[in-house]
A.B. asks: 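First the structure, which I've put down as structure tokens, then a few questions once you've had a look.
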Amino acid sequence: MPSAAYLLSRLLQIVPTFLLVMVFIFLFVRLLPGDPAIAMAEAKASDQQLAEIRERMGLNEPLAVQFGYFVKNTVTGDLGRSILMKRPVAEVILERLPVTVYLSLYAVALSVLVAAPLALFAATRANGPADIAIRGLFQVGLSMPVFYIGLVLLTVLGAKLRLFPVGGYGRSFIDNLYHLALPALSIALYTSAILMRNLRASLVEVLDSEFVQFARAKGLPRRIVLTRHVLRNALVSAVTLLGLSIGNLMSGTLVTETVFAVPGVGRLMLEAIFARDYPLIQGLTLTFAVIVSLTFLATDIVQSWLDPRLRQA
Amino acid sequence: VERGGAMSFARYDDSVLIDPVWAERNPDIWMVTNLYDTLLRNGEKGALEPGLAEKHEVSADGKTITLTLRQGVKFSDGSALSAGDVVFSLERARNPDGPWGNLLASVTGVKAEGSTVTLSLKQPDPTILSVLATFNTGIVPKAAYEKMDGANDQEKAAAFYAAGPVTSGPFMLKEHQKGSRMVFVRNPNYWRNGEDGKPLPYLDEVDFEIIPDDATRILKLQSGEVDGAEFIPFSRVAELSADPNLDMKLFPSSRIIYAPINSRETKADGSKNPLADKRVRQALNYATDKSAIIRLVTFDTGMPMTSLMPAATTYHAGSEPLYPYDPARAQALLKEAGIEGGLDITLTTLAGSADDSTLFTALQQMWQGIGVNLKVEQVDSPTRGEKNRSGTFDIHTYGWANDINDPAQVTSWLGYYKHRQAVGTGWNNAEFNTLFETSMTETDPEKRREEYKKMQEIYAEEAPLLFLYETPFAVALAKSVRDYVQSPLGANDFSTAWKSK
Amino acid sequence: MTTLDRIAPARPNRLSGFAARALKRPAFLAGFAILGASLLLALFPAAIAPYDPLAFDMTAIQQGPSLAHPFGTDGFGRDVLSRVIWAYRVDMQMAFFATVFAMLIGLTTGALVGFYGGIADAIFGRVVDAVITFPFLVLVIAIVAVLGPGLVNMYVAITAVNWVYYARLTRAEIMAQKAQDYAAAARVLGYSDARIIFRHLLPNAISPVIVYWMTDMALAILLGSSLGYLGLGAQPPAAEWGVLIAEGRNFIMTAWWISLMPGIAIVVTGLGFSLLGDSLADLLRPKGR
Amino acid sequence: MLDRHIDAAARPAVLEIRNLTTSFGPQERPLVAVDGLSLSLKAGEIHGLVGESGSGKSITLRSILGLIQPRGRVGGEILWKGRNLAALSERELGAIRGKEIAMIFQEPMTSLNPLLPVGLQITENLAAHTGLARAEREREAVALLDRVGIPGARARLADFPHEFSGGMRQRVMIAIALASRPQLLLADEPTTALDVTIQDQILRLLQSLAAEFGMSVILVTHDMGVVAACCDRVSVMYGGRLCESGPTADVIAAPRHPYTRGLLHSIPRGVAPRTPLYSIPGVPPGLGERPPGCAFAPRCPNALDVCRDEKPVPSVSAGGRGLACHNPEPGPTEETR
Amino acid sequence: MSAEPILSVSGLSVRFSKPRPLAHQLLGHPRQEVRALNGIDLAVARGETLGIVGESGCGKSTLARCLAGLVTPTEGEIRFRGERLADLRGKDRRAYNRRVQLIFQDPYSSLNPRMTVGDMLSEALTVHRMRSGSGVDERIGELFELVRLPQDARDKYPHEFSGGQRQRIAIARALAVEPECLIADELVSALDVSVQAQVVNLMLDLQDRLGLTVLFVAHDLRLVRHVSHRVAVIYLGSVVEIGPSETVFSAPRHPYSQALLAAAPTLEVKEGRKTPALSGELPSPLAIPPGCPFHIRCPYAAERCRREKPALLPHGGGLAACHFAEEIAAGTQPVRKAEPQPA
Ligand SMILES: Nc1ncnc2c1ncn2[C@@H]1O[C@H](COP(=O)(O)OP(=O)(O)OP(=O)(O)O)[C@@H](O)[C@H]1O
Ligand SMILES: Nc1ncnc2c1ncn2[C@@H]1O[C@H](COP(=O)(O)OP(=O)(O)OP(=O)(O)O)[C@@H](O)[C@H]1O
Ligand SMILES: [Mg+2]
Ligand SMILES: [Mg+2]
Ligand code: NI
């Protein structure tokens, strides 16, 4: 298990990062062109209405004061009120977040399920025809935009073959396994391509490594060699990659959720940006940042659990 | 007709708060009357029909409106709808903080006496009856509403909505999963009767699914997962019309697409604005082949504009499309205006809008012929709004749909200088402005019609817009769904819809 | 003859040795061929494309692939092949401009920070953490939203985020190289820091960066077309693959060619970059000891 | 001690390698790493295998256990207690590996799994080859670590390889190899990473195990001093072939192959300080460019024409000395004769 | 050997403090310090070869790196021709770097894999303005001859050479700047025995011809004995014995030197071992024992050794840091502990 010091220092690392993240978020939301008041009022509002809106949103205060409020409110969990949704941002996000988390985890699970066996299959037949075919296929997967994969899956598997529902969101956990299958798959295809490439490479490397040879020389059963020595070692880098690709995965949800009509935070983010919903954009960006850094944290912990060399902080 | 069953409907965007007073965006506005009935109703051809008020009377001086409420009407929770509820609802609707408060600006007081409700006005207001048929005057139950917590009316409204409101309209809200799904169920106490003599609505339930992506929405319909899908892109209309399983509806709308032309004498940078000359604006209009554009953008589902207002608006005048395609005339007008050696004009379009980009490509090709060099500038919607307000544009694309069944709203928006400088064009025509002001207190319908006719003529002649086209509301339905209506104002009306089994 | 003999082999065919090894790899050849062809299309679309990519032809709307229009036509009768070809210009530009500045900035920053360490490095570390904490697309979209949509702004946005990744890579690589004896040897020889960084360390640190650059160009195309698809990248009517797919997405059932053809173009070009990147990774690896 | 020497000579051979050939690369243009090597080993014998880097020592050891990665082709016979290891299946080999024949790898830094505690890496070997219970395995592991001289062995079982120094890792490997009490230990440069004082300790350990349990050892090294210190017999390899073998003392005292001679000669021994040392001219040939004749011919001071064209045939002479050379140095026997 | 030292070191200590993250400070983890060198005093005379031996991790390389200016000592000073290294700045410092050259253990990693040999040499020559114009090419030719590399080596990359050749390239590069002092850190450890001889011969030859001063760091005692005039034995960052090569090797005064020599394999075929093996592990430089650093492993250790760190004092022809140096040399050792079992 990772040491207390390791965990502590990993947590401490997050603090300055987060302050910086807040500055970034605050600044570029302020830099958005177009008066947010106009954005929220739509075309028909009168100038007087606009002024009232500005007043209400505290947009007339100096930037520094606004930042002060921002940090204070964020820390206390108050992310403001969404212009678009007319409700507290935190509430809106919390409502939508589970969907995206579900979708992301689903996609991660699918990626691993697709990538791991194939990588093992390919690695044990390194440079054979099967290996080349699998790698070629995934190379293609890597070069496909997520939105395009989504579109094709939707049309072929959803509308044409009617194997899966065309977009939308289910009512229960189980129902969603079915409803979110296509969006998860369209994200997973890309992620699993990356994962499979990496996993295969590290498997090949590990299979070739001296300590695996040594394990074989010890006369250990093949099963133990493969699980205890090969897989575990290959996993270390795969876990890092998986952690790092959470960012990608989240990016994927922006497009996928829109295409597949999944009511998650990804789609909300796009809606918020198009509607110039400042508080919502702020809140969402912060949410994304929190999720990603939590994933990094989790990755680091899993990794340090897998790899004792990383445990010293 | 057949009663019962659930209809599912794919929407392009979700409602946030379906409340008469605080509904702000179309997905909210267009749902309100399903939940809250109004005192008067918009009938066929723009005529007003009785709603919750059986009778209405306008006093001779036009300053008092007396409404007699229908007897025995109940809210969905079974409580009786009383004059107190009406007064409460109208007082709420007058709240100047609400986005629609100014529609009732002429009202000075609302009083109830038994089952009559009296509105006192500052001055005669020809639009007031239409307002009483507009969503923002929908009737909410005072007692249930006042139980809600909230620092102000908006918060109360949100709480009321979230609690699953007691309604006066044909439906009640059963469930709303934000962003994904909303369910309306039949209001058993609704007062209007259907063709079979029993109370409306026919449907037990309407399930809404939010599918923002056009293609996905259609796929969803085609795969039979939903019974209807709104906002079908016009490019798909022909295809879906040919689909034997579907009923492709094009509901007439009050939606117009036009392009405001900056008509100020000088541009924002201080230079002389050639577009200030009406001949140049006319030339641009003549140089635009509207039917080609209608074909390209709306795939022949649209109609050319015939006046400043949508054809479905009361007092609309004008049967011929404005400025038929006549490049020679356009050229002559430009010459007359002294434009020699070409003209550089920038079209501000909405980034990412395929329609705008098609429009631009087409205009560029058309205007080349008369020596106008069209450049494009692509911005997002808030930026476009800002440019419109500050007048820093040559021409930009815009759209409009009426919210109330009265010509005043659109006329004021497009032409009345004092209301946002005639849709930002800076066009300031004294005669037009005076006409508009008089019409706002004109109670004689005939006189009013005359005034509007005149205004429309002036506007057409002056051409502060590039007049483009009107588009219908394109809704595709499964063959089993009948009698669903989307009003010209956009309201989704499920009260008379039914589903054959 | 004699002089020639003396001059010619002076620099033993370093490049030709590389080429010889490169030519033995089918992956490299395929990648090279794809990108070469793409570059040609990007440079001379006018000469190659059979039609004007923007010209409407109302007589030939949504026609399937035929001899006259090998990739069919779109909803305005525009030739899809010509649009796909013109899109090469935009997308190859995107691949290059969205990445090259990020690479240069990242390379320099990473090299300096990696070499000197200290406070600059600590600050850099936090900036990196903060930047990679945002999902890439989210950050880019947000920046595009600030700057407004369009290609140049997209380059700026991507560069603003992406340099961090290059810098991080370069920094790690420089640190690894710095620990090598040859770097110490250069210091022992009394060379200046600048010489050590740019003459000794960077050439050894650069190949992973180059390889990453290749993959990143493929990513830039994907990202650019995603932005185009969302309406935040290249603007219609300009032909760009993402925009083309967005235009065709409504007709995926009836006129599949409108979105499929640009889709194939993206995949093939991306494939070219990845193939080249992967084989370069092998080829540039310093030779075994 | 002295008589063990004679003893060993009398014992039967346990390992008999005949004409071992290991090659890589394409069939048509094979890269031959080990070329027709023959060697026999008696119980309790410590057999040194020396030669320059790249001469095929490690490949020889790996060939015995069928651990050539990436795939190499192994030809010839490796007779272990009458069974030909070269012909066994992976499964059958698995039963022999670790249990009867153990191996210590050359690279102490990379041969231990970095993710598993050292204790587990020892006990898993015990689990695979002995019927010991968990607690017993642990006790045994502690004893083994103690034996190879790792202080505080019990406390270190839970430590990971990176927490050990290179020399300690090497000793952990030795402990792992010895865990199942193999009859044959293939030790690939087991002491190269160690300090002289610790090297000394380990060599003593190997010697005592050979003496006590009759464990045979093939000890690969490039240090003639190590050979001198503990090997009964020594074989010298050059370019994948065996050039000379024999009892250690004899070979060191009177090398007959010019390469062996050069090797011994280049070690400063009995020369005046700061005078030039002998150095074999030239560089060893690459795998693909072995000369057709004797591999050493291009560098050999004694080379004849026949050396360049013809591979010398290994011969065995009295005193168990093997030699593959057309023109050897005069041997002690000849001299005395 | 002239008496005047060209390079001298006094009281040299190097401590590497491990970076201690904030979290460790918060949790009260103690600061960890690797004491790589603990007060080393050395002097090398012009033209002399000083051998430096010791076990792995005892600080040999750290000393070499200090002298080459790669590591800044924590305490103590290095003087080159009487000038303090720490005082040298800018031009003088670069001049020092030119005059004192370090050659690394691993010839391959010390050569930039992406530069040709010619580039490396001409860079060294031009940066220090040793030659200019065509003189550069000429000088490269000379250097190749000096280290006996073929002339066509110029346009090749390091990977195209054998190990011995690579080490010769490294030597040529060091010689290019015409240094006065060479520090050879395990110059031949990575090489095969037969190649070692080549490189050692070359070094001896160059030293004689160019009058170089050499610090020969190695763990191969035979080689050190062969090449050095004097030898210093280092244990845990301290010099425990230093003296003329023959004296130290034939009659070591320090028990550690003794053990080291005894453990080193010779070519004498074993017939049982006379001397005891050292037991125990080299203590970590993180926790250097008080008193005599060797007392834990020393067969002769007495109470005094545990308390008092012995000073480096003249004994015989050299200096040794042992309380019982005289007795050990005379063979009248104090009480011997029980002989450690040969495992
Ligand atoms: N998988 C392989 N494919 C091709 N050649 C190989 C392979 N493994 C080893 N070789 C080559 O076989 C030859 C013998 O290698 P081996 O490892 O046996 O040498 P060694 O005598 O152990 O050297 P060292 O002392 O450096 O360990 C070397 O030239 C090596 O490059
Ligand atoms: N940069 C550094 N940071 C921390 N510790 C270091 C550093 N460099 C060396 N050390 C430590 O200092 C001690 C002495 O190391 P040094 O490399 O000088 O030993 P050495 O005698 O050269 O050993 P070897 O024979 O293995 O080369 C070692 O414990 C080493 O781990
Ligand atoms: Mg080896
Ligand atoms: Mg060292
Ligand atoms: Ni710790």
Side-chain angles (χ1 to χ4, degrees), chain C residues 5-18 21 111 115 117-119 121-122 125-126 129 173-210 283-289, chain E residues 19 61 64-65 67-71 88 90-116 118-121 123-128 152-161 163 166 169-170 173-174 176-177 179 182-183 185 190:
Chain C
D5 267 354
R6 241 190 293 143
I7 294 164
R11 274 232 133 186
N13 33 22
R14 179 182 185 206
L15 255 186
S16 65
F18 178 85
R21 281 185 302 130
F115 185 78
I119 296 197
D121 190 37
R126 292 287 82 82
D129 282 355
E173 206 51 47
I174 288 278
M175 302 247 292
Q177 296 295 333
K178 196 173 75 166
Q180 298 261 318
D181 281 348
Y182 76 83
R187 284 174 61 196
V188 170
L189 281 162
Y191 296 163
S192 66
D193 286 356
R195 175 176 286 270
I196 295 177
I197 297 175
F198 294 105
R199 182 84 178 88
H200 290 260
L201 299 181
L202 213 51
N204 285 291
I206 209 167
S207 29
V209 181
I210 299 279
L283 287 168
L284 290 177
R285 195 171 294 151
K287 294 100 207 167
R289 346 186 84 191
Chain E
S61 297
R65 286 172 169 259
L67 292 175
L70 289 174
V71 172
L88 301 178
K91 209 165 124 264
D92 295 338
R93 178 59 189 250
R94 283 198 294 278
Y96 173 84
N97 273 336
R98 183 183 72 68
R99 288 152 87 176
V100 178
Q101 282 296 312
L102 176 68
I103 303 171
F104 295 81
Q105 164 171 13
D106 182 351
Y108 190 53
S109 75
S110 74
L111 300 175
N112 187 336
R114 289 192 199 277
M115 279 172 100
T116 63
D119 287 347
M120 278 184 238
L121 294 183
E123 181 180 36
L125 290 170
T126 48
V127 166
H128 287 290
D152 69 356
R154 190 172 304 214
D155 292 310
K156 289 190 179 166
Y157 289 87
H159 72 268
E160 297 171 89
F161 294 91
R166 286 175 195 156
I169 295 169
R173 183 179 55 183
V177 296
L182 271 190
I183 302 163
D185 186 4

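Please read these numbers as outputs of a predicted model, since none were measured by experiment. Below, chain A is the first sequence line, B the second, and so on; all start at residue 1.
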A.B. asks: Taking E:Q105, E:H128, E:R98, E:R94 one by one, which has the highest count of heavy-atom pairs under 4.5 Å against chain C?
C.D. replies: E:H128
A.B. asks: Could you look at E:L111 and say if it's the side chain, the backbone, both or neither that has a heavy atom under 4.5 Å from chain C?
C.D. replies: backbone
A.B. asks: Which atom pair, heavy atoms only, marks the closest approach of C:V188 to E:A68?
C.D. replies: CG2-CB, 4.0 Å
A.B. asks: Measuring only between side-chain heavy atoms, which start at C-beta, is E:M115 closer than 4.5 Å to C:Y182?
C.D. replies: no
A.B. asks: Any side-chain heavy-atom pair from E:R114 and C:S207 closer than 4.5 angstrom?
C.D. replies: yes
A.B. asks: Using non-hydrogen atoms only, which part of E:R173 is less than 4.5 Å away from chain C: side chain, backbone, both, or neither?
C.D. replies: both
A.B. asks: What is the minimum heavy-atom distance between C:A185 and E:S110, and which atoms define it?
C.D. replies: CB-O, 3.8 Å
A.B. asks: Give me the one residue out of E:E123, E:M120, E:Q101 that meets side chain to side chain contact (heavy atoms under 4.5 Å, CB included) with C:L189.
C.D. replies: E:Q101
A.B. asks: Heavy atoms, side chains only, cut-off 4.5 Å: are C:R199 and E:D119 in contact?
C.D. replies: yes
A.B. asks: Take atom CZ of C:R187 as the centre, draw a 6.0 Å sphere, and report whether it contains more than 12 heavy atoms from other residues, nucleotides or ligands.
C.D. replies: no
